[in-house]
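Letters A, B, ... mirror the listed sequences (proteins, then strands); counts begin at 1.
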Amino acid sequence: MDKRLQKIAAIEIVVLLAIWQALASLEWIPAYLSSPYVVGSEMWALIVSGELFTNAASSLYRSLVSFLLVMVLGIVLGIAAGFFKPVGIFFQPIVDVLNPVPKIALLPILMVWFGISDTTRILLIFLTAFFPCFIATKDGVHGVKQVFVWAAENMGASKFQILWKVILPASLPKIFDGLRVSLGLTFVMMFSSEMIGSSNGLGLGFMILLADMAGRTDLMFVSVFFIALLGFLFDRILLAVRARLLWWSENRG
Amino acid sequence: MENKTPAIEIEKLGKVYTRGKEEVTAIQEISLKIPEGKFVSIVGPSGCGKSTFLHIVGGFIPKSSGKVRIRGKEVDKPGPDRGMMFQESALFPWKNVFDNVAWGLEIQGMEKSKRDEVVEHYLKLVNLWDFRKNLPSELSGGMKQRISLARVLAFNPDVLLMDEPFGALDAQTREKMQVELQRIWQESNKSVMFVTHDIDEAVFLSDIVVVFSGRPAVVKEIIEIDFQRPRTLDVHKTQEFMDIRNHIWDLLHQEQGTSDEEGM
Amino acid sequence: MENKTPAIEIEKLGKVYTRGKEEVTAIQEISLKIPEGKFVSIVGPSGCGKSTFLHIVGGFIPKSSGKVRIRGKEVDKPGPDRGMMFQESALFPWKNVFDNVAWGLEIQGMEKSKRDEVVEHYLKLVNLWDFRKNLPSELSGGMKQRISLARVLAFNPDVLLMDEPFGALDAQTREKMQVELQRIWQESNKSVMFVTHDIDEAVFLSDIVVVFSGRPAVVKEIIEIDFQRPRTLDVHKTQEFMDIRNHIWDLLHQEQGTSDEEGM
Amino acid sequence: MKKGWKFLIEYQSLIWIVVAWELVVFLQIMPERLFPSLSKVLVVAFELITTGMLLENLPITLFRVFAGFALAAVVGVPLGLLMSRSKLLNDLVQPIFSLGFPIPRVALYPILVFILGLGSASKITMIFLECLFPIVLNTYYGSTRVGKLYLWAAQNMGANRSQVFWRVLLPATMPSIFTGLKIALPMAFIIAILTEMIGATAGMGYLLTYMSASLMQEKVLACVVLITLVGYLLNLLIQKIQRKYVFWQ
Amino acid sequence: ACGSGQTNQPAQPAGEQKPAEQTASAGNQPVEIRLGGGFASEEPFWLMQVDPSLTPNQGKSYTLNITQFRANADRLNAYQANQIDIASIGQGATMLAASQGIQLKVIGSVVKDSPGKGFNTKFMALKDSGIKSMADLKGKVIGIPDFKAPTDLWARAAVRSAGLDPDTDVKYAVIPIPSMGEAVKSKKIDVGVFPQPFFETANASGEFVEVFNSKTGVNVEEDFLVMMANPDFVTKNEQAIKDFLSDYTNTVKYYEENGEAARQKLIDAKKVQADPALYVKMTDNNRSVDGTVNIEAWGKIQEMLVAEKWLDKPVDPNTIIDMSYLPK
Ligand SMILES: Nc1ncnc2c1ncn2[C@@H]1O[C@H](COP(=O)(O)OP(=O)(O)OP(=O)(O)O)[C@@H](O)[C@H]1O
Ligand SMILES: Nc1ncnc2c1ncn2[C@@H]1O[C@H](COP(=O)(O)OP(=O)(O)OP(=O)(O)O)[C@@H](O)[C@H]1O
Ligand SMILES: [Mg+2]
Ligand SMILES: [Mg+2]
């Protein structure tokens, strides 16, 4: 990771927090906006009690499983749809139709099938985060230069080898564009999926809900922050992986 | 020889590119029979349809009419029996030079130690062993072309299809590559189909030179060249060489000016 | 002539490419002074640093050391005073042939009717007027090169930097283009810096031929050529032409084998 | 005849979905109240249209979607392009996105309501924020991949910075920009619905909660079908535009 | 008392084929009761989770699995999807569901909004807003958390009782309850609705004044939240339900008698996140200690719902209310 970037990120965060704290201390912003100090101390309390981590663990489990699914299915289907015309034609209408569906509305149906379970939540996250990855992958495949495929075919590569060894690496830069959006959405949806009701009562999204229902914006901010933090962490991990895999590319990042 | 199955047989081949409602006829009608083990050059004006022709023989793009057979088998898709060297660089930008050359061998399932040996051999042949760890984007135009050459030679197909393989090379390197190509071809029993702009090169290397007309391409003349093999660069100075060269030159000169002006 | 400001002045130019910890010296040290209105060719082995050199003069990539001045002004960024024709196609894939050629003129603020006239003139010059509505992706390699030529000529810069502009052209088209380029250059007062692999072409066109050594490039020899202008193709047959040609040939032959083997 | 056949093939996946749907209903795999037959849903959807409910709410939602989305595009595309040209800007903006995008903004929407009110302003802002990331990212990465030869050629012909920016970088990045727009548009739509579900007096999201409050799944599904239909059409529109402007790929 | 003598076939709503995972074997295994609740006013349920000493039968004849949902509709969907056996849900929603043919049984009351007894949900405005009486409401905006919910009914009924037309004289805006205070303060709305514990917070700030309350227009004892159960499940697990309700009433009794201590327990167990200082001391709504609902009042509420056209066809409350499982 870029040292300079880290530094700038750190400075930005500190400045933002400082402004917020100043506004809060001067009481220029309403009390419900809380203040970094209050949020910080609440966060510390939750860290000490370990509560934050148990909640984060449940949430992370859901979002990472979903993201893994997004990654595997998004890339595999995206490549298949981009490369094989019939597959692309088959999937195009489904994607076009399902993409704008407000997924929350599908909840009752998912619930019948999978219960109020992690499966339902994971599916919900998956259904939202899938599309950016799929669309970017498909567009990436369309952008692959024809001669690369020809050269591979020419050397007797099988369809699978072409997909795996030519199409995949050639569209990888664009795939990562999509993955980055998907990853962010995963964390956003982690919250929404826990809003529907949580049976074991664990999860950062559930914490937000609970705090919100009790009018505790400070606690809400703690959870929101922690989600942001986790999101940031994983975003950086993704960028690092990207830089490694795209070492050959001019914009490895 | 004539009654054996020809290595390459092209029958009334035609190609029309369409884009929306417009049509461009790239190849009018070409018929050709190339016996096994021959070195065939194709020359013709810029934009007449040489690359298109090679792409069809390679099985990369569909033809509009006619038939293409390699050793009696109809061509309908690319295959490792025909090694193609494209006019533009087709090196994978995500693999370094070594891995680019090794790629095809790996696909063919050649074992690693053998593969490394072969790759080293051909990279040294094109004078680029020292650049094996570089990425294609870090090479000059001529270097990329030499890597592509190494790649297709290492791959060792029965039929070599080469689209202006030496176009970006300086005269010296080009000569060296010509000599090497001739040697490799002679040692094996390959058939070569070689597109070039350099009439000297065509005459020097080929058993047969096929002259294409301007677009839409038809075969203007087929010239057999039977200097003894192996040929050395001295061949260039013989009268016979000069005559053939000038003849082709004249043929092409007739084409000049008609090639692109016909409109589309 | 010597006491005027030279059109192009290069002083101890050096260029090192770095990638991670590795370094490739592409240009060792080059010093050159080119007077106004001269046609200069650069020849040298594949991968020696010719394109790199032109890119630096064009202001596209930073130099590692030394100075480059065009008409006394230090070069630090690209500018419309130097028209560059790249080795690889730099045509905009989203514009058709006509608009590609017109682009630079539009940028310069030339009014539409005038622009259309100029574009038509140059597209007809390169024999591709009929393809004006096509996209670059629908053209053959040689056609793309001719469009690039039309683009840079239409643009009419004081200094022309050309990197193997005729490499993908067949012999006839190439000759025609050579003659046209000579005419255009003579009618204007342009300075031309012309990279080529074709020694005949270099000798035929140039006032000065600069021979580069193998990588890392240094100037091996500067050869002045003073056949009278305008030259016709017959020049090729003169003894003097042959002598110069063979001299350059020999110079380059010495380079052979040293160019890439040094490693990096 | 041939055209009809082609149409069937092209949309076969949807036909399969419809068939599967009806099959689930027919075999009573799901409680019918939660999973009414498509025909029933369509009848209800038609009712929604004829009773004017759709016409009352759809334009409001569409206005918000378009406003937020257009704003995100107008800001996001130049920002993405600029980030690829300026390392400083990139370094400044990247961390904000890394940190800001995973935040569940919908959870903070009520706070936004205080600042901007319940009307369209807060919703458009949310949509804008939500769409910005995919648009900026795809534009940014896309423009870093633009071949340097194109930029060089343009500079060489005397194009100034803004000309290089608008007339080379922008068109050359177009394919990636459209990828971003295609990803963002449905998101805009969903966010419009979501924010309208949280607090609104009109719009498709409001209609959806209203129907959901009246406890009739078929009405809810009818809303979803209508929303989907509109989203689908919007998507077609953007694809059409894409085909028009990125014909060269 | 163990859950013996029960037939243990899967509980199915509306002839559903979905197997319910919680089926207990015929033996001594406790029956799992899946209860769907919300985030407010369900203190007794939470206490049952927190303090086992109040629930002697829990873990023996039944186990309790509580899932929290946000909206009534979510709970009802989960109920229809056979994901919960008992829903703690609004009275109106129950009638609405029943009138649409959803099979259900109301087996007990959770919390009430009774005239003159316990807390009544308040509608408040800013002190300096100039809204002193109901008459000042004309042209003003009232914030409610949801349409067609009790709060909506209360507001409309109150407006009507002041001689105004609830459809034309005032406007409504949907605002989440937690944001209500700020919405009023920032003048996004003029009057907001404040249930507990938000009323305590708002009241403590001293900036608000009550304009009317839930009983201003609806002057009957409402069963604000009730337990709506799956009829099949109830008949098949009769003993478990009885044991559960007996534990429940036990807990309510404790809660009513030791309100502050009970709420402190919830705070300590982190069941409730509200500001402890205000929460522990707050006045809570009325609850029925024996769990009974007020059938007579149901009829009155239903009349109002029909009058508002929220309910198409009335249902006979007697057919859906079944208090036979409550301890005698
Ligand atoms: N994808 C395409 N779509 C439309 N027309 C095309 C396409 N590719 C090639 N053409 C046209 O077909 C003709 C032949 O092209 P081709 O590339 O085969 O020429 P060539 O003989 O290889 O020329 P060169 O020597 O310049 O490489 C040209 O007129 C070109 O415009
Ligand atoms: N981006 C780069 N990174 C690292 N090395 C590079 C890069 N570009 C060029 N080089 C190296 O610089 C040297 C000179 O390259 P250049 O393209 O200038 O050669 P050239 O003389 O134009 O060759 P050719 O005649 O083959 O086009 C080569 O050895 C090449 O490997
Ligand atoms: Mg060609
Ligand atoms: Mg070069």
Side-chain angles (χ1 to χ4, degrees), chain A residues 71 75 78-79 82-88 136-137 139-179 238-253, chain B residues 51 54-62 70 75-97 99-110 115 133-139 144 147-148 151-163:
Chain A
M71 219 157 68
I75 294 175
I79 286 184
F83 190 71
F84 301 107
K85 220 165 173 198
V87 180
T137 305
D139 282 0
V141 173
H142 283 160
V144 174
K145 267 170 56 185
Q146 182 71 55
V147 275
F148 294 157
V149 178
W150 283 355
E153 284 178 331
N154 188 238
M155 291 187 270
S158 64
K159 276 272 174 321
F160 176 76
Q161 283 170 322
I162 290 175
L163 291 180
W164 178 242
K165 298 187 160 188
V166 180
I167 297 288
L168 180 65
S171 37
L172 211 51
K174 206 132 186 212
I175 290 177
F176 268 103
D177 303 358
L179 277 182
L238 188 78
L239 286 181
V241 173
R242 181 180 189 279
R244 270 197 91 94
L245 287 181
L246 298 186
W247 63 278
W248 51 272
S249 167
E250 277 176 40
N251 66 336
R252 63 197 84 116
Chain B
S51 298
L54 242 58
H55 287 166
I56 293 173
V57 175
F60 302 114
I61 58 175
I70 303 276
V75 162
D76 54 353
K77 58 174 195 286
D81 52 333
R82 286 147 287 153
M84 172 97 188
M85 189 177 153
F86 296 94
Q87 189 169 7
E88 278 165 88
S89 167
L91 297 173
F92 299 138
W94 58 91
K95 293 215 167 277
N96 68 23
V97 164
D99 292 340
N100 255 294
V101 178
W103 201 87
L105 306 176
E106 203 185 326
I107 290 291
Q108 293 292 294
M110 187 186 281
R115 197 163 73 210
K133 293 219 183 90
N134 282 58
L135 288 173
S137 60
E138 298 161 338
L139 301 179
K144 275 186 244 178
I147 302 294
S148 301
R151 177 157 90 168
V152 77
L153 290 180
F155 187 66
N156 195 23
D158 296 336
V159 177
L160 268 173
L161 306 171
M162 312 180 90
D163 199 350

Between B:Met85, B:Glu106, B:Arg151, B:Glu88, who has the most heavy-atom pairs with chain A when the cutoff is under 4.5 Å? B:Arg151

Options B:Ala90, B:Pro157, B:Gly104, ranked by heavy-atom pairs under 4.5 Å with chain A, top entry: B:Ala90

So does B:Leu105 get a backbone contact from the side chain of B:Gln108, meaning a donor-acceptor N/O pair under 3.5 Å?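 Pair absent, no side-chain N/O of B:Gln108 close to backbone of B:Leu105.
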
Are the side chain of B:Asn100 and the backbone of B:Phe92 linked by a donor-acceptor contact shorter than 3.5 Å? yes

Exceeds 12 heavy-atom contacts within 6.0 angstrom, atom CD of B:Gln87: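 Check passes, neighbour count above 12.
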
[X] portion near chain A, given a 4.5 angstrom heavy-atom threshold:
X	result
B:Ser148	neither
B:Leu91	backbone
B:Glu138	neither

Check whether B:Phe60 forms a cation-pi arrangement with B:Arg82 (NZ or CZ under 6.0 Å from the six-membered ring centre, at most 45° off the ring normal).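 Because its charged atom misses either the 6.0 Å distance or the 45° angle limit, B:Arg82 does not stack over B:Phe60.
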
In Å, rounded to the nearest 0.5 Å, how long is the span from CG of B:Asn134 to CG of B:Leu139?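 Rounded to the nearest 0.5 Å, the CG-CG separation comes to 6.0 Å.
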
Is it the side chain or the backbone of A:Val149 that comes within 4.5 Å of chain B heavy atoms, both, or neither?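 For A:Val149, no heavy atom lies under 4.5 Å from chain B.
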
Between A:Glu153, A:Met155, A:Gln146, which has the largest tally of heavy atom pairs under 4.5 Å with chain B? A:Met155

Mind checking whether A:Trp150 and B:Phe86 have parallel, tilted or perpendicular rings, split at 30° and 60°?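 Aromatic pair A:Trp150/B:Phe86 classed parallel.
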
